[in-house]
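In what follows, residues are counted from 1 in the order of the sequence shown. These numbers were taken from a predicted model, which means no experiment stands behind them.
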Amino acid sequence: MNYPMALLAALMLLTGLTAKAEDGYDLWLRYEQAPVELRADYNSQISSIAVLGQGATIAAARQEMATGLSGILDRTVTVGTAMPRGNALVAGTYDELSGLDLESADVGPEGYAITQMRRNGRVLTVIAAESEIGVLYGTFAFLQHLLQGEPIAGMELVSRPATEHRLLNHWDNLDRYVERGYAGQSLWDWHKLPDYLDPRYTDYARANAAIGVNGTSLTNVNANAEVLTPQYLEKAAALADVFRPYGIKVYLTARFSAPIEIGGLETADPLDEEVQAWWQTKTDEIYNYIPDFGGFLVKANSEGQPGPQDYDRNHADGANMLADAVAPHGGIVMWRAFVYAADETQDRAKQAWEEFVPLDGEFRDNVLIQVKNGPIDFQPREPFSPLFAGVEDTTLMMEFQITKEYLGFATHLAYLGTMWEETLDAPAERTGEGETLTVTDMMVSDNDDYTVSAMAGVANIGTDRNWSGSIFDQANWYAFGRLAWDPEQDAETVAREWAAMTFTPEAEFLDPVVEMMMGSREAVVDYMTPLGLHHLMATGHHYGPGPWVDDLGRPDWNPAYYHKADEEGIGFDRSSTGSDAVSQYAPFLREQWDDPATTPDELLLWFHHLSWDYEMGSGRTLWEEIVFYYERGVQKVEAMRTTWDEMAPYVDAERHAQIADFLAIQEKEARWWRNACLAYFMEVSGRDLPDGYDVPPHDVDYYKSRHFPSAPGNG
């Protein structure tokens, strides 16, 4: 710790300004009191407060305003229901605020406008929206503005979501085990539902509404048909009742074989009239329990899940059957594109394209194809999925993984906002006029109110007090909501917002911590899968390195399938002379990525198998570059630890200590990744490390011998 930081810590101790102990439960809703000067300013601007209206969502906004301002202003705040007097804060729909003669902003069905105006010698700060949910979103935005230490005076903000459906996908099983979950059990205590409603359900809804999430799929995509039975529908309905005031719809995963498993039919063929009738009846039943039920999320004919191909039907046949069942109620079907053939094929990365592009245009209008950001499986780095440019007549939705299955679980700090921004901003297509369209541009719907249809995030939430297993993993939940609301938002701004509300808005803290966050995912890529390598993780649980694994039941379950390292070189050849996966991309990308000389370094070994002696742009050989990147990844984690140590004066001891401990684990495991991978690649290539690099302390057999039968999240 440097001298100025130590001096600051001493002063804080002497003046009693050290932060109180916290466990992370409050997320970005901490509502800590503002500094004295700001409190005085805030109080002068809003001496009285009112939220107008009578509905349940307005009641939630009124309660949130009272809770938030009481904490920020350090006084008991009463929020009225009638137009307030004096310098005031007032929130409501445009209808409720009609007496103010406001000019309506273009906020759409969920957006809001915050503005200041003068009326009869007083200053009014106004939160206005077309709908009650817009008022609630505006309330959260106003409170977040204050939490970030911003002034009220001159506040002007208009915001509306770009995406219509912004969902969390919980991979939660009915026994409360969370597949790829690293934060404890499932929040949903099915045994106690519907009679006991844990207060965490309301806090979950509040946290999601604060970032604009408006849907939640409660159960695992590896679905259990029991969730569609009356016993569980009653429980799901109880959750829906809690979530409804916060604008959150409930969705359920539909197991395709449910007509057989719980319906007593002999088939689940989507073209069978009895099967179609069963799904219609079941869907009507669900809407009787949950009138605003959002629809179904489906994983079919992938990794052993049943689907329409079991009956020689295609994905459109299956999705359209369910879409027809929910359509009369306004529901949607989200059909996951993560499918790959049961038989061995040349390149796993090509398979989603081969399954779905031929069906483009055959899906119902209320079917959304849910596509993972990359063509393989949530890797630390992948090119964007070619489906985003290849599918033109079917609505696509993005699927991100908030839980860090392949990025160090809960203990590794990896801010994923940068990863998602990289995907959303990636150039995907060029028009005839020469305009370059991004992935975000390609997810365009015909809805006049929204430009992008939907986005889903695989949740990282569990029963741990801090919700996500670690404090910094909360940032990924937050970033997902912010980017789902506005896919063009930049990741650095989002990181700064989160850090300010989670810790402190002081620049001396924010500047180094946001810089650390922005570089953290790249550090993970460096020490796990640099230069376009991918799927090097140990199999099953995906914890730790396993590049040597090559004995599983099918080739594309093996890490060795993806790196193809041997004595001559390394990398997967997806060029036009290899698997030709590059041809699934637009011509300008195909041309760039087909030549190793013009392929970006970060995707080099994704698209090319190259000699260890291939000369890189840095002047190093490929082998030297790989070693350099692995070493650099470890060094980045060392630097993150140093940065965090210096932040002790700004953070309560409890949260600072946990984060410090986790960063120590990350450095230890980054070294493990570096040593294990380099030891293996040294063996297969027959090469030594370049001068100046430490030799791994163990041989490959040692790293191969390590087993982790209790690694979490392996469903």
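Contacts of E399 classified as salt bridge (Lys or Arg N to Asp or Glu O under 4.0 Å), with partners at least two apart in sequence or in another chain: R336. Listed by chain and number, the residues in a salt bridge (Lys or Arg N to Asp or Glu O under 4.0 Å) with D106 are R160 (sequence neighbours excluded). Residues passing the side chain to side chain contact (heavy atoms under 4.5 Å, CB included) test with M537 are Q379, P380, Y406, M528, T529, H542, W673, sequence neighbours excluded. Contacts of E522 classified as salt bridge (Lys or Arg N to Asp or Glu O under 4.0 Å), with partners at least two apart in sequence or in another chain: R381. The side chain to side chain contact (heavy atoms under 4.5 Å, CB included) check on E234 picks up P194, Y289, with sequence neighbours excluded. In terms of the salt bridge (Lys or Arg N to Asp or Glu O under 4.0 Å) criterion, E429 has no residue partners (sequence neighbours excluded). Contacts of N314 classified as side chain to side chain contact (heavy atoms under 4.5 Å, CB included), with partners at least two apart in sequence or in another chain: A316, D317, L359, E362.
Within the structure, no pair that satisfies the salt bridge (charged side-chain N to carboxylate O under 4.0 Å, His left out) test touches residues 584-595, not counting sequence neighbours. Screening residues 377-405 for ring pair (Phe, Tyr, Trp, His ring centres under 6.0 Å) gives F384-Y585, F400-W420 as the qualifying pairs, with residues at least two apart or on separate chains. Listed by first and then second residue, the salt bridge (charged side-chain N to carboxylate O under 4.0 Å, His left out) pairs involving residues 297-307 are K299-E303 (not counting sequence neighbours). Sorted by first then second residue, the salt bridge (charged side-chain N to carboxylate O under 4.0 Å, His left out) pairs that include residues 267-292, not counting sequence neighbours, are R244-D292, D269-R313, K282-E285.
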Assess the residue pair V391 and I369 against the criterion (side-chain contact (heavy atoms from CB on, under 4.5 Å)); give the C-alpha distance rounded to whole Å, side-chain angles, the decisive distance to 0.1 Å, and a yes or no.
CA-CA 10 Å; V391 172; I369 304 301; 5.8 Å; no

For D324 and Q276, what are the C-alpha separation, side-chain angles and deciding distance, and is it a side-chain hydrogen bond (donor to acceptor under 3.5 Å, both in side chains)?
CA-CA 9 Å; D324 289 343; Q276 294 170 356; over 6 Å; no

Output, in order, the C-alpha distance, side-chain angles, deciding distance and verdict of side-chain contact (heavy atoms from CB on, under 4.5 Å) for R348 and F572.
CA-CA 11 Å; R348 164 90 166 268; F572 198 117; over 6 Å; no

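For the pair L589 and P427, the tightest heavy-atom approach, listed with the atom from each and the gap, is CD1-O, 3.3 Å. Minimum interatomic distance between D172 and L218 (heavy atoms only, all atoms of both residues): CB-O, 3.7 Å. A pairwise comparison of heavy atoms in D441 and T436 identifies OD2-O, 4.3 Å as the closest pair. Q309 approaches N301 most closely through the heavy-atom pair N-OD1, 2.8 Å. When all heavy atoms are compared, the tightest approach of T539 to W557 is CG2-O, 3.6 Å.
Between Y204 and W188, the gap from one ring centroid to the other is short of 6.0 Å. Ring to ring, F363 and W335 are not that close: their centroids are 6.0 angstrom or more apart.
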List, one per line, each side-chain donor-acceptor pair under 3.5 Å for residues 602-609, sequence neighbours excluded.
unit_1: H608; atom_1: NE2; unit_2: W593; atom_2: O; d: 2.8
unit_1: H608; atom_1: NE2; unit_2: T599; atom_2: OG1; d: 3.1
unit_1: H609; atom_1: ND1; unit_2: G571; atom_2: N; d: 3.4
unit_1: H609; atom_1: ND1; unit_2: G571; atom_2: O; d: 2.6

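Residue S579 holds its OG atom at 6.0 Å from CZ of R574, rounded to the nearest 0.5 Å. Summarising the geometry, atom CH2 belonging to W477 is positioned 7.5 Å from atom CG belonging to N460; distances are rounded to the nearest 0.5 Å.
With salt bridges taken as basic N to acidic carboxylate O contacts below 4.0 Å, none links R521 and E421.
For the pair T219/N224, no side-chain contact is recorded, criterion being any heavy-atom separation below 4.5 Å from C-beta on. With a 4.5 Å cut-off on side-chain heavy atoms, N373 and E422 do not count as touching.
The one candidate from L396, N169, L167 that meets the side-chain contact (heavy atoms from CB on, under 4.5 Å) condition with Q370 is N169.
Between Y287 and H329, the angle of the ring planes stays under 30°, which puts this pair in the parallel group of the 30/60° scheme. In this pair, Y182 and F409 present their aromatic rings parallel. The plane angle is below 30°, not in the 30 to 60° band.
S159 and W485 share a donor-acceptor pair across their side chains, judged by distance under 3.5 Å alone.
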